[in-house]
Amino acid sequence: MAHPMKMKKTVPPGCPETPIPCATGGLLAILTRPWTMHILWVLGHDGPTRFGVLRRKTTGISSRVLAERLRMLEARGFVYRKYEATIPPAVTYGLTSRMGEMRPVLEQLDRLAGIWYEEDRRAGRLPAEPETEEEEAKR
């Protein structure tokens with residue numbers, strides 16, 4: 001019998017042999033695309049949101065990129081799209097139950113980000129924040 005450390009791992013068909021398992025790598029490839037987490041974050045906190053409102057809440061993203069990300073997230077089962085044939089048409093997006101399963105992970109990530117942000121702020125590892133008008137007036 002071969003030593004356990006020398007046994008070859010089997011790779012599912014269609015998955016490249018990488019240090020990251022195929023399923024995890026696929027999920028990370030989706031979630032780490034630009035704007036994807038921001039979109040999911042807004043939908044997670046605001047609930048079902050119309051396209052125009054979502055566009056305004058994701059400042060800096062183009063309508064084209066937002067639509068592409070939403071189509072990709074819908075195809076993967078992360079968001080749903082509700083179309084109402086009104087004038088103008090009402091298109092609302094919301095999170096599916098699949099993303100409900102992800103909520104505890106995102107909440108833990110948010111807690112950790114907050115802790116690390118405060119540590120970095122206290123240690124001086126963050127760029128200086130611009131002063132508010134109130135702070136400038138005090139000087």
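Remember, it's a predicted structure, so these values are computed and weren't measured experimentally.
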Could you tell me whether a side-chain N or O of [X] sits under 3.5 Å from a main-chain N or O of [Y], the two making a donor and an acceptor?
{"X": "Arg55", "Y": "Ile61", "answer": "yes"}
{"X": "Arg103", "Y": "Gly44", "answer": "yes"}
{"X": "Arg76", "Y": "Leu27", "answer": "no"}
{"X": "Thr96", "Y": "Phe78", "answer": "yes"}
{"X": "Ser62", "Y": "Gly60", "answer": "no"}

Measure the [atom1]-[atom2] distance between [X] and [Y] for me, rounded to the nearest 0.5 Å.
{"X": "Arg122", "Y": "Tyr117", "atom1": "CZ", "atom2": "OH", "result": "11.5 Å"}
{"X": "Leu95", "Y": "Tyr80", "atom1": "CG", "atom2": "OH", "result": "8.0 Å"}
{"X": "Arg69", "Y": "Arg64", "atom1": "CZ", "atom2": "CZ", "result": "8.5 Å"}

Closest approach of [X] and [Y], non-hydrogen atoms and distance?
{"X": "Leu28", "Y": "Thr32", "answer": "O-OG1, 2.6 Å"}
{"X": "Pro104", "Y": "Glu101", "answer": "CD-O, 3.4 Å"}
{"X": "Phe51", "Y": "Ser63", "answer": "CZ-O, 3.8 Å"}
{"X": "Ile39", "Y": "Leu66", "answer": "CD1-CD1, 3.6 Å"}
{"X": "Leu106", "Y": "Trp41", "answer": "O-CZ3, 4.2 Å"}

Under 4.5 Å between any side-chain heavy atoms of [X] and [Y], yes or no?
{"X": "Leu73", "Y": "Leu43", "result": "no"}
{"X": "Met102", "Y": "Leu40", "result": "no"}
{"X": "Met72", "Y": "Glu68", "result": "no"}

### Message
Could you check, using the six-membered ring where one of them is a Trp, whether Trp35 and His38 have ring centers closer than 6.0 angstrom?
### Response
yes
Common cluster, [X]/[Y], ILVMFWY with side-chain heavy-atom separation under 4.5 Å:
{"X": "Val105", "Y": "Met37", "answer": "yes"}
{"X": "Ile115", "Y": "Leu126", "answer": "no"}
{"X": "Met99", "Y": "Leu31", "answer": "yes"}

### Query
Taking only residues at least two apart or on different chains, which pairs with a member in residues 84-98 satisfy salt bridge (charged side-chain N to carboxylate O under 4.0 Å, His left out)?
Lys82-Glu84
### Message
Using the rule given for side chain to side chain contact (heavy atoms under 4.5 Å, CB included), can you reason through Val91 versus Arg81, listing the C-alpha separation, both sets of side-chain angles and the distance that settles it, and then say yes or no?
### Response
CA-CA 7 Å; Val91 181; Arg81 179 180 187 265; 3.6 Å; yes
### Query
Is the shortest side-chain N to carboxylate O distance from Arg121 to Glu118 below 4.0 Å?
yes
